[in-house]
Peer 1: 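Below is one structure. I have some questions about it.
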Amino acid sequence: AIIEENLDPYDHAVILDYKGEFRGLVKEGFAKHYVVGERELEHFGPEEWATLLEANPRLVFERRDGMADEDWETVANDIVGGTRLLDGSVVYGIDEAHNVYPEKGSGDHPEHLSWLLRTGRSAGQSLIAITQRLAEASSALAGACMTTLIGGFNEKNDVDRLSGLTDYNE
């Protein structure tokens with residue numbers, strides 16, 4: 001419901017759907033659906049994604065089952081790069097965000113994903129990051145959140161990560 005409630009103020013919506021859980025947005029007419037696989041990984045860059053988004057301003061990009069997390073991160077980076085070529089504001093919904101922004105120790109992420117965390121907000125972009133594995137997500141992602149909705153974290157590593165962000169009660 002959070003994504004649906006936040007679509008209208010934006011010119012574009014990019015939903016990165018890790019496991020096909022956001023088809024309801026498509027069914028209800030909020031967005032179009034596009035399955036991303038090896039073809040897109042190999043042949044699409046920011047320009048191609050920008051062209052697709054110009055024609056379809058609200059898209060749910062579903063990761064084809066079996067695509068490696070590293071490849072999904074690469075595609076996500078190129079999609080964000082494509083949005084940077086567009087005029088207007090964008091809201092991003094990233095499901096299983098720890099797979100797009102994994103903890104890498106140094107917090108380094110590909111260029112466009114880093115831009116989204118560091119500069120996107122001042123460029124009219126908003127990010128809704130969804131994860132149930134906060135300990136596996138980049139500390140840069142957690143630090144970039146202005147508003148956090150928290151619930152259901154039971155694993156010690158996730159609760160420990162939350163302790164740096166808020167007073168979280170198990």
Side-chain angles (χ1 to χ4, degrees), residues 2-23 25-26 29-64 67-131 134 136-149:
I2 290 175
I3 291 176
E4 295 94 320
E5 292 170 2
N6 286 284
L7 291 176
D8 284 339
Y10 296 92
D11 300 307
H12 301 278
V14 169
I15 312 304
L16 300 177
D17 187 359
Y18 190 77
K19 291 188 177 182
E21 296 174 340
F22 286 84
R23 290 185 183 176
L25 289 172
V26 176
F30 289 110
K32 302 281 184 179
H33 184 250
Y34 192 95
V35 178
V36 178
E38 293 300 317
R39 178 178 64 103
E40 291 78 11
L41 175 66
E42 293 175 14
H43 301 290
F44 278 40
E47 295 80 14
E48 290 77 17
W49 293 118
T51 300
L52 186 61
L53 283 160
E54 283 174 348
N56 304 281
R58 292 180 177 174
L59 273 171
V60 173
F61 295 98
E62 181 180 337
R63 174 189 147 271
R64 184 171 303 281
M67 177 181 264
D69 290 345
E70 298 81 20
D71 293 340
W72 183 236
E73 180 186 29
T74 298
V75 169
N77 183 62
D78 286 345
I79 292 171
V80 173
T83 65
R84 294 180 71 183
L85 301 173
L86 302 172
D87 291 326
S89 60
V90 182
V91 61
Y92 303 84
I94 303 181
D95 180 41
E96 304 293 345
H98 59 277
N99 291 314
V100 173
Y101 286 104
E103 182 58 70
K104 296 181 177 187
S106 65
D108 288 337
H109 298 288
E111 174 189 1
H112 303 299
L113 292 174
S114 290
W115 170 85
L116 181 57
L117 289 183
R118 294 188 175 109
T119 314
R121 192 171 35 236
S122 65
Q125 317 306 307
S126 293
L127 170 61
I128 300 170
I130 303 160
T131 185
L134 192 58
E136 296 174 21
S138 167
S139 56
L141 174 64
C145 295
M146 289 181 59
T147 304
T148 308
L149 300 175

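Quick note: numbers below take in every heavy atom, side chains included, and nothing from hydrogens, waters or symmetry partners.
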Peer 1: Within the structure provided, determine whether Tyr92 and Leu16 are in side-chain contact (heavy-atom separation under 4.5 Å).
Peer 2: no

Peer 1: Would you check if the side chain of Glu62 reaches a backbone N or O of Asp17 as a donor-acceptor pair within less than 3.5 Å?
Peer 2: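 No, Glu62 side chain to Asp17 backbone: no donor-acceptor pair under 3.5 Å.
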
Peer 1: Counting C-beta onward and ignoring hydrogens, is there a side-chain heavy-atom pair between Ile15 and Asp95 closer than 4.5 Å?
Peer 2: no

Peer 1: Show me the side-chain donor-acceptor pairs of residues 44-52 shorter than 3.5 Å, one per line, residues at least two apart or across chains.
Peer 2:
residue: Glu48; atom: OE1; partner: Gly45; partner atom: N; Å: 2.7
residue: Thr51; atom: OG1; partner: Glu47; partner atom: O; Å: 3.1

Peer 1: Could you tell me the separation between the CD1 atom of Ile130 and the OH atom of Tyr18, rounded to the nearest 0.5 Å?
Peer 2: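 Ile130 atom CD1 to Tyr18 atom OH measures 14.5 Å (nearest 0.5 Å).
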
Peer 1: Which residues satisfy the side chain to side chain donor-acceptor pair (under 3.5 Å) test with Asn56, sequence neighbours excluded?
Peer 2: none

Peer 1: Below 4.5 Å, heavy atoms only, C-beta onward: do Val60 and Arg23 meet side chain to side chain?
Peer 2: no

Peer 1: Heavy atoms, side chains only, cut-off 4.5 Å: are Val14 and Val80 in contact?
Peer 2: no

Peer 1: Is there a side-chain contact between Arg63 and Val36, using heavy atoms and a 4.5 Å cut-off?
Peer 2: no

Peer 1: I'd like to check the side chain to side chain donor-acceptor pair (under 3.5 Å) partners of Asp87; sequence neighbours left out, ordered by chain and number.
Peer 2: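 Here no residue qualifies.
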
Peer 1: Quick check: closest heavy atoms across Tyr10 and Gly124, and the distance to 0.1 Å?
Peer 2: CE2-O, 4.1 Å

Peer 1: Return the set of residues passing ring pair (Phe, Tyr, Trp, His ring centres under 6.0 Å) with Tyr101 (not counting sequence neighbours), or none when no residue passes.
Peer 2: His109

Peer 1: Taking all non-hydrogen atoms of both residues into account, name the closest pair between Ser89 and Pro9 and its distance.
Peer 2: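 Smallest heavy-atom distance, with atoms named: OG-O, 3.8 Å.
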
Peer 1: Are Leu86 and Asp11 packed together at the side-chain level, in the sense that at least one heavy-atom pair is separated by less than 4.5 angstrom?
Peer 2: no

Peer 1: Determine whether Arg58 and Leu25 make a side-chain contact, defined as any pair of heavy atoms from C-beta on separated by less than 4.5 Å.
Peer 2: no

Peer 1: Determine, step by step, whether Leu53 and Phe61 satisfy the side-chain contact (heavy atoms from CB on, under 4.5 Å) criterion, reporting the C-alpha distance in whole Å, the side-chain angles of both residues, the deciding distance to 0.1 Å, and the verdict.
Peer 2: CA-CA 11 Å; Leu53 283 160; Phe61 295 98; 4.1 Å; yes

Peer 1: Can you tell me how far the CG atom of Asp69 sits from the CG atom of Asn99, to the nearest 0.5 Å?
Peer 2: 4.0 Å

Peer 1: Can you find a pair of side-chain heavy atoms, one from Ser139 and one from Glu103, that are under 4.5 Å apart?
Peer 2: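 Yes. Closest side-chain heavy atoms under 4.5 Å.
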
Peer 1: Could you pull out all residues at least two apart from Glu73 that satisfy side chain to side chain donor-acceptor pair (under 3.5 Å)?
Peer 2: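 Testing Glu73 for side chain to side chain donor-acceptor pair (under 3.5 Å), a comparison that skips the adjacent residues, returns Lys104.
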
Peer 1: Between CD of Gln125 and CG of Leu117, what distance do you get to the nearest 0.5 Å?
Peer 2: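 Result: 12.5 Å between the selected atoms.
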
Peer 1: Taking side chain to side chain contact (heavy atoms under 4.5 Å, CB included) as the criterion, tell me which of Val100, Leu116, Leu127, Leu113 meets it with Leu141.
Peer 2: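 Single side chain to side chain contact (heavy atoms under 4.5 Å, CB included) partner of Leu141 among Val100, Leu116, Leu127, Leu113: Leu127.
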
Peer 1: How long is the gap from OG on Ser126 to CZ on Arg121, to the nearest 0.5 Å?
Peer 2: 8.5 Å

Peer 1: Got a sec, which pairs hit salt bridge (charged side-chain N to carboxylate O under 4.0 Å, His left out) with one end in residues 34-43, sequence neighbours left out?
Peer 2: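 Of all non-adjacent pairs touching residues 34-43, none passes salt bridge (charged side-chain N to carboxylate O under 4.0 Å, His left out).
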
